[in-house]
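A, B, ... follow the sequence lines: proteins, then strands. Residue 1 opens every chain. Predicted model, so just to flag it, every value in this text is computed and none were measured. Below, each value reflects all heavy atoms present in this structure, side chains not excepted, and no hydrogens, waters or symmetry copies.
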Protein chains: 2
Amino acid sequence: MKSPAELTETFRANGLKVTPQRQLLFGLMHGNTVHPTAEALFAEASARMPGISLRTVYQTLTDLASMGELRLIDVGTGATRFDPNTDDHHHVVCSSCGEVRDVYVAGSDRLKVDGLDGFRIEEASILFSGTCVTCASDTVSRASARG
Amino acid sequence: MKSPAELTETFRANGLKVTPQRQLLFGLMHGNTVHPTAEALFAEASARMPGISLRTVYQTLTDLASMGELRLIDVGTGATRFDPNTDDHHHVVCSSCGEVRDVYVAGSDRLKVDGLDGFRIEEASILFSGTCVTCASDTVSRASARG
DNA sequence: TGTTAGTTCGCACTCTTTGCAGATTGACAA
DNA sequence: TTGTCAATCTGCAAAGAGTGCGAACTAACA
Ligand SMILES: [Mn+2]
Ligand SMILES: [Mn+2]
Ligand SMILES: [Zn+2]
Ligand SMILES: [Zn+2]
């Protein structure tokens with residue numbers, strides 16, 4: 001995703017207005033690596049700008065996505081997650097706490113796929129699931145507390 | 001997924017009853033390759049057994065899934081899809097019509113993943129998206145009709 | 001045939017996201 | 001600065017996908 005300053009120009013160049021709500025969200029998403037949900041962003045935004053609406057958060061996020069500045073990620077935990085990282089990358093989700101991290105997979109664009117039968121592939125997304133370090137050590141602590 | 005006859009035994013062996021609704025759903029899912037949604041199955045089931053409830057379809061499907069007989073697939077088109085194919089395989093979804101097909105990816109269990117940072121991976125699922133043969137030829141037809 | 005634990009079904013309700021419309025305001029020009 | 005007006009914001013209703021609950025029902029077994 002571009003920087004807030006660059007987005008300001010891009011928005012105006014496209015006939016879109018740069019409102020305080022949008023500027024706030026530009027800032028909250030820039031460099032954000034946690035893959036937040038709309039609700040999570042709404043909570044952060046509300047702390048800094050009481051009165052901002054969830055509707056506006058959704059609006060701005062989908063605007064950014066349709067401009068290619070944001071990727072929408074579905075890790076199967078219910079709500080869509082928003083990702084300012086537009087590199088070619090994939091994700092791993094902790095099945096215990098839901099944390100999502102970026103991972104880079106070598107050769108993910110030249111996988112050998114069988115059974116296509118004429119289907120033309122345009123994109124591949126890999127979702128790993130497992131256990132994050134925090135949840136792994138929590139499990140260990142609980143086990144030793146028991147035993 | 002096991003055959004309807006085998007499932008009948010398995011269910012009874014686990015203290016679960018084999019009702020007409022369940023038998024119908026066993027039959028509808030066995031060998032089914034279309035990755036139907038609960039609603040789609042409900043429509044098929046209703047045609048053969050008027051009065052069956054959507055609630056029961058969901059119930060039976062999640063029972064089968066928790067017994068490992070069915071996989072739940074999320075291809076990002078809204079509703080969960082149910083898959084009796086328990087082989088190690090992946091999916092491709094047509095971004096135009098939503099059709100889902102099985103694909104087999106060589107070496108999908110030994111991908112080189114960078115950025116894990118302690119995260120322990122237990123599973124990988126690859127979702128390809130693209131255009132199915134039907135939608136591809138539809139596009140061609142429309143183009144030649146225009147031009 | 002009786003007993004009873006497991007099922008079915010309808011309905012209310014949650015969660016996430018979108019549609020709508022009136023009130024508001026950013027951007028640009030005079 | 002001020003005016004204009006399209007774009008935006010907000011609140012609320014509503015849609016789509018599931019799930020929790022409980023009264024009525026029934027498969028399984030003695
Ligand atoms: Mn990411
Ligand atoms: Mn499949
Ligand atoms: Zn975790
Ligand atoms: Zn298609």
_Applying a 4.0 Å non-hydrogen cut-off, can you work out what B/Leu54 is touching in the nucleic acid: base, sugar-phosphate, or nothing?_
nothing

*Give A/Thr37 one of three labels, base, sugar-phosphate or nothing, depending on what nucleic acid heavy atoms sit under 4.0 Å from its own.*
nothing

_From B/Asp102, B/Ile73, B/Ile126, residue fulfilling side-chain contact (heavy atoms from CB on, under 4.5 Å) relative to B/His90_ = B/Ile126

Spacing between [X] atom [atom1] and [N] atom [atom2], to the nearest angstrom:
X	N	atom1	atom2	value
A/Leu61	D/dT8	CG	P	15 Å
A/Glu39	C/dT14	CD	P	15 Å
B/Asp63	C/dT7	CG	P	7 Å
B/Asp74	D/dG18	CG	C1'	13 Å
A/Phe82	C/dT16	CZ	P	12 Å
B/Phe42	D/dG16	CZ	P	15 Å
B/Arg55	D/dC21	CZ	C1'	9 Å
B/Leu72	D/dA17	CG	P	15 Å

State, with a plain yes or no, whether a side-chain heavy atom of [X] is found less than 4.5 Å away from one of [Y].
X	Y	answer
A/Ser95	B/Glu122	yes
A/Thr10	A/Met67	yes
B/Asp63	B/Arg22	yes

*5'-most contact on DNA chain D: B/Thr77 or A/Gly51, nearest heavy atom basis?*
A/Gly51

*Would you check if the side chain of A/Ser137 reaches a backbone N or O of A/Thr134 as a donor-acceptor pair within less than 3.5 Å?*
yes

*Identify the two heavy atoms, one from B/His35 and one from B/His91, that lie closest to each other, and give their separation to 0.1 Å.*
NE2-NE2, 3.1 Å

_Heavy-atom pair of closest approach, residues B/Arg81 and B/Thr37_ = CG-CG2, 4.1 Å

*Measure the spacing between OG1 of B/Thr19 and CZ of B/Phe11 and express it to the nearest 0.5 Å.*
8.5 Å

_Quick check for you: among C/dT18, D/dT10, D/dT19, whose closest atom lies nearest to any side-chain atom of A/Tyr58?_
C/dT18

*Where the side chain of A/Gln59 is defined as all heavy atoms beyond and including C-beta, which of C/dT8, D/dC9, D/dT19 is the nearest nucleotide?*
D/dC9

*Compare side-chain N and O positions of B/Thr80 against OP1 and OP2 of D/dG18 and report whether any pair is under 4.0 Å apart.*
yes

*Respond yes when some side-chain nitrogen or oxygen of A/Ser53 is under 4.0 Å from OP1 or OP2 of D/dG11, and no when none is.*
no

_B/Ser3 versus B/Glu6, side-chain donor and acceptor atoms under 3.5 Å_ = yes

*With sequence neighbours excluded, residues passing side-chain contact (heavy atoms from CB on, under 4.5 Å) with A/Asp74*: B/Asp74

*With axes from five pairs an end, tell me the bend angle of the helix from C/dT1-D/dA30 to C/dA30-D/dT1, nearest 10°.*
30°

*asked:* Using a 4.0 Å cut-off on heavy atoms, which residues in residues 4-25 of chain A reach DNA chain D? List them by number, or say none.
replied: A/Gly15, A/Leu16, A/Lys17, A/Thr19, A/Gln21, A/Arg22

